[in-house]
There are 4 protein chains.
Amino acid sequence: MPENIKKLTPRRRPKQGRSRDTVEAILTASQQILLRNGLKGFNTNVVAKRAGVSVGSLYQFFPGKEAILAALVRDMRRDMLADLIAAQQASNAGDLADVIGAMIDASLKHHLRAPELTATLEQAEAQLPMDAETQALKSNMFQLVLGVLQRHAIEDPETVTQDVIAMCHGMVDAAISAGERDFDEISSRLRRATINYISATN
Amino acid sequence: MPENIKKLTPRRRPKQGRSRDTVEAILTASQQILLRNGLKGFNTNVVAKRAGVSVGSLYQFFPGKEAILAALVRDMRRDMLADLIAAQQASNAGDLADVIGAMIDASLKHHLRAPELTATLEQAEAQLPMDAETQALKSNMFQLVLGVLQRHAIEDPETVTQDVIAMCHGMVDAAISAGERDFDEISSRLRRATINYISATN
Amino acid sequence: MPENIKKLTPRRRPKQGRSRDTVEAILTASQQILLRNGLKGFNTNVVAKRAGVSVGSLYQFFPGKEAILAALVRDMRRDMLADLIAAQQASNAGDLADVIGAMIDASLKHHLRAPELTATLEQAEAQLPMDAETQALKSNMFQLVLGVLQRHAIEDPETVTQDVIAMCHGMVDAAISAGERDFDEISSRLRRATINYISATN
Amino acid sequence: MPENIKKLTPRRRPKQGRSRDTVEAILTASQQILLRNGLKGFNTNVVAKRAGVSVGSLYQFFPGKEAILAALVRDMRRDMLADLIAAQQASNAGDLADVIGAMIDASLKHHLRAPELTATLEQAEAQLPMDAETQALKSNMFQLVLGVLQRHAIEDPETVTQDVIAMCHGMVDAAISAGERDFDEISSRLRRATINYISATN
DNA sequence: GATGAATGAGGGTTCATTCAT
DNA sequence: CATGAATGAACCCTCATTCAT
């Protein structure tokens, strides 16, 4: 799929000057549109207009609308991975529950920062083909959790990793879509679910 | 939103005769299209053609394309609820783990019957406004689990219900999208996750 | 190139009813647009508008704008081939010059019927990939001339066929673009050019 | 049409310095693009990029994209006319067939030097309005042939000139598009066609 | 002069929906 | 009721051209 790659990779990623601002404006506008209109109402014309930019400019930086979504997802995953790594390192000394808990909190913080936008982006992520970097980022997250479980001698760590990530994903989505916003409350449930699941393995 | 309701409710749902067949043909065709082309490739013209029916007829029975998706989701939820009820009644004599396990198996069986289609329908469900009946069905499922937990004197049963459903949802989705198709294997992990979570509550 | 074929073959070719009229209207409008605006000014929106038809309808019958051009070219070649065959059969009794002359006249008549349109269509033909039928039609024309030359024992008849067709093509184009419209005058020059070329071969 | 003239005439045609190089780079890049992408893929942005020049600079020297094509056509015609004149002078002593033959060879050499590019440029020439100089160049070529025919007392020399040029044009195009690249072979056929046509006049 | 980001009109195509037959 | 041709708003994307720096 060489086409797909071209469609999801930004055309240019300028690090400075006018271009930088344009890209920033497009991404910000995109988030706003996504928030207000949802995935269905997300299209290049609206984004360009809200960004105060011409369609042409938009296409100068993004090969298509999917590329914008891909960029937003990528950024989200980048931030998340960075925070997960930080959380894991900060809590490295603790026992398994501490490390897992710290990582859960890091991830949860992301969701609660912009719950609706995150939800929409995860929707987008689910129906888009994933670009290479995002794939790598997700793989890294998986490896991060996997490493923790391995270091604590958990049996069949790959499966447990998948399940732990999945159950958190499910619970967080449900909590947020139910309108919950209490960090500690959700965190404690996630910890309970994961720790008990992991413990029950051995 | 009177519009939304009109858009998701079938104009009528004939129980017999040629009309019944037409509706059936449309729904079957829709599933096939969804399976082959995904949500993006799902559109009324294609569905009508595959169903061997004119677009006009399609609109005779469904007020719009979302209504077809809504109907498929509704049917899925109907079946599921029926099976959940049956599972719960059949295992009523057992302890909490038995009942929960039986319900998990019922739900899992649904997913494994047509994994990709189910996944696509759940996607659709997530981005569609939900019609009244589907809402009622989901509420009933919730009540069903809630009742079980209450009967076993679980603390804060509403939250636990939400979480149990959510973690199963998450884990099943992940397993299926990872290509897993082994019923017993997935079932045992779901049981472990839910039972341990519920037990840890008290 | 399966894509190319889809792009040049009409979606449906209705032989009766409303559809027939629509297709006819589109083709007629296309000729008018081509005549007034040239190839550059030829686009689906204009064609649809002039045809008194919606763009959607246009795309119901033609998979794209190139398909319309392809259809016009095809029709032109079909007519031409039919007349060439008729001319060849009618003059079969005569000597080589008679047959060639008759065929030249048939072809020339076509050009003079709508000189500018024909010129534009030949332009289109030159830059479009040719669909299967048009290819076959052109091949048949070639075979027709080739057969005549072979029956008269002309040496290297393939090359001569190509050259004879090509020189007529060139001379007719030039004459028409120079504004000439005198059938007999042009015909007599074409006959002189071809016959002398063919005779000089042996 | 003052517009047309402005659009086809280069803003200036510097004879030295950096500007000269820029213009040269643009023209060379244009030929490459034309060769690789065809007329349809020829656009100012691509040309500028390949020329290693900014679009702005391109517009400094050419008032629009058609002007670039016009310049390429003009250059081609200039070269051709020069070679035709040389050929005619070199063979002036010979008889009619010698002179015509020499001129045919000169022209054919041009086509075979870069057959595809030449074909594309002739296509462009056909759909572009012709600028004054190109018109003059073509007129000069016509006069050149006309002069030869007149000096040999050919009847109705204008018409014959037009026809001779046209039949060569047609035959060369056909030969080249058929993949022929054998200079002598094509030349001999062109000579046969022209000489016999001219001779048959009187 | 040179640059290249920005513009936006223009043109291609799809598809949900209507309506005359 | 069924049909399916017709509609046209909505989107996507390109590229000739301008203009602030």
Side-chain angles (χ1 to χ4, degrees), chain A residues 7 12 14 17-23 40-49 51-66, chain B residues 7 14 17-19 22 40-49 52-68, chain C residues 7 12 14 17-23 40-49 51-66, chain D residues 7 11-12 14 17-19 22 40-49 52-68:
Chain A
K7 267 0 194 96
R12 292 189 281 138
R18 232 189 318 175
S19 311
R20 194 23 229 278
D21 296 348
T22 301
V23 169
K40 254 196 46 194
F42 179 83
N43 72 283
T44 51
N45 295 308
V46 185
V47 168
K49 173 159 288 177
V53 147
S54 69
V55 227
S57 278
L58 188 155
Y59 276 92
Q60 191 127 44
F61 297 103
F62 298 95
K65 79 166 173 167
E66 309 222 318
Chain B
K7 282 327 203 131
R18 213 188 336 167
S19 303
T22 301
K40 253 196 47 193
F42 177 82
N43 72 300
T44 51
N45 293 299
V46 183
V47 168
K49 170 158 290 175
V53 151
S54 70
V55 226
S57 281
L58 187 154
Y59 274 88
Q60 192 81 31
F61 296 103
F62 297 93
K65 100 169 179 161
E66 308 221 318
I68 305 178
Chain C
K7 264 5 192 93
R12 292 188 281 139
R18 232 189 318 174
S19 311
R20 195 24 229 279
D21 296 348
T22 301
V23 168
K40 252 197 48 193
F42 178 83
N43 70 281
T44 51
N45 295 304
V46 186
V47 169
K49 172 159 287 177
V53 147
S54 68
V55 227
S57 278
L58 187 154
Y59 276 92
Q60 191 125 46
F61 298 103
F62 299 95
K65 81 165 175 170
E66 309 222 316
Chain D
K7 284 321 206 136
R11 294 204 204 263
R12 51 219 173 65
R18 213 188 335 168
S19 304
T22 301
K40 251 197 50 193
F42 178 82
N43 74 303
T44 52
N45 293 300
V46 183
V47 169
K49 171 158 289 176
V53 151
S54 69
V55 224
S57 282
L58 187 153
Y59 275 87
Q60 192 81 31
F61 296 104
F62 297 94
K65 101 171 179 162
E66 310 222 316
I68 305 177

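Below, read A as the first sequence line, B as the second, and so on, with proteins coming before strands; counting in each chain starts at 1.
For the pair A/Gly56 and C/Lys65, both in contact range of DNA chain E, the more 5′-proximal nearest nucleotide belongs to A/Gly56. Each of B/Lys40 and A/Gly52 lies near DNA chain E, and the nucleotide nearest A/Gly52 is the one positioned closer to the 5' end. Toward the 5′ end of DNA chain F lies the nearest nucleotide of A/Gly41, the other residue of the pair D/Val46 and A/Gly41 mapping further downstream.
The CZ atom of B/Phe62 sits 13 Å away from the P atom of F/dA2 (whole-angstrom rounding). Rounded to an integer number of Å, the gap from CZ of D/Phe42 to P of F/dC15 is 12 Å. At whole-Å resolution of the value, CG in C/Leu58 and P in E/dG11 are 15 Å apart. Summarising the geometry, the separation between CD1 on B/Ile68 and C1' on E/dA16 is reported as 11 Å, rounded to the nearest angstrom. Atom CD of D/Gln60 is separated from atom C1' of E/dG1 by 6 Å (rounded to the nearest Å). If you measure from atom CG of C/Asp21 to atom P of E/dT21, you get 13 Å, rounded to the nearest angstrom. At whole-Å resolution of the value, OH in C/Tyr59 and P in F/dG4 are 24 Å apart. Distance, D/Lys49 NZ to E/dA5 C1': 12 Å, rounded to whole Å.
In this structure F/dA16 sits in a base pair with E/dT7, meeting the Watson-Crick or G-U test at under 3.5 Å. The partner of F/dT21 is E/dA2, judged by Watson-Crick or G-U wobble contacts that both fall below 3.5 Å.
Judged by distance alone, with hydrogens and angles left aside, A/Asn45 brings no side-chain donor or acceptor close enough to the base of F/dA10 to form a pair under 3.5 Å.
Backbone-only contact: A/Thr44 has heavy atoms under 4.0 Å from sugar-phosphate atoms and none from a base. Among the atoms of the strands shown, only primed sugar atoms or phosphate atoms (P, OP1, OP2) are found under 4.0 Å from some heavy atom of A/Val53.
In this structure, CZ in D/Phe61 is found 5.0 Å from OG1 in D/Thr22, a value given to the nearest 0.5 Å.
Of the listed nucleotides (E/dT17, E/dA6, F/dA16), E/dT17 has the atom at the smallest distance from the side chain of B/Val55. Set against E/dA6, F/dA6, E/dG4, the side chain of D/Ser54 has E/dG4 as its closest nucleotide.
The side-chain heavy atoms of C/Tyr59 and C/Thr44, taken from C-beta on, include a pair separated by under 4.5 Å.
The shortest distance between the side-chain N/O atoms of D/Asn43 and the OP1/OP2 oxygens of F/dT14 is not below 4.0 Å. Residue B/Ser57 places none of its side-chain N or O atoms closer than 4.0 Å to OP1 or OP2 of F/dC1.
The two residues A/Val47 and A/Leu58 make their nearest non-hydrogen contact at CG1-CD1, 3.9 Å. In terms of heavy atoms, C/Val46 sits closest to C/Gly41 at CG2-O, 4.4 Å. Shown here for D/Ala48 and D/Ser54, the closest heavy-atom pair between the two residues is CB-C, 4.0 Å.
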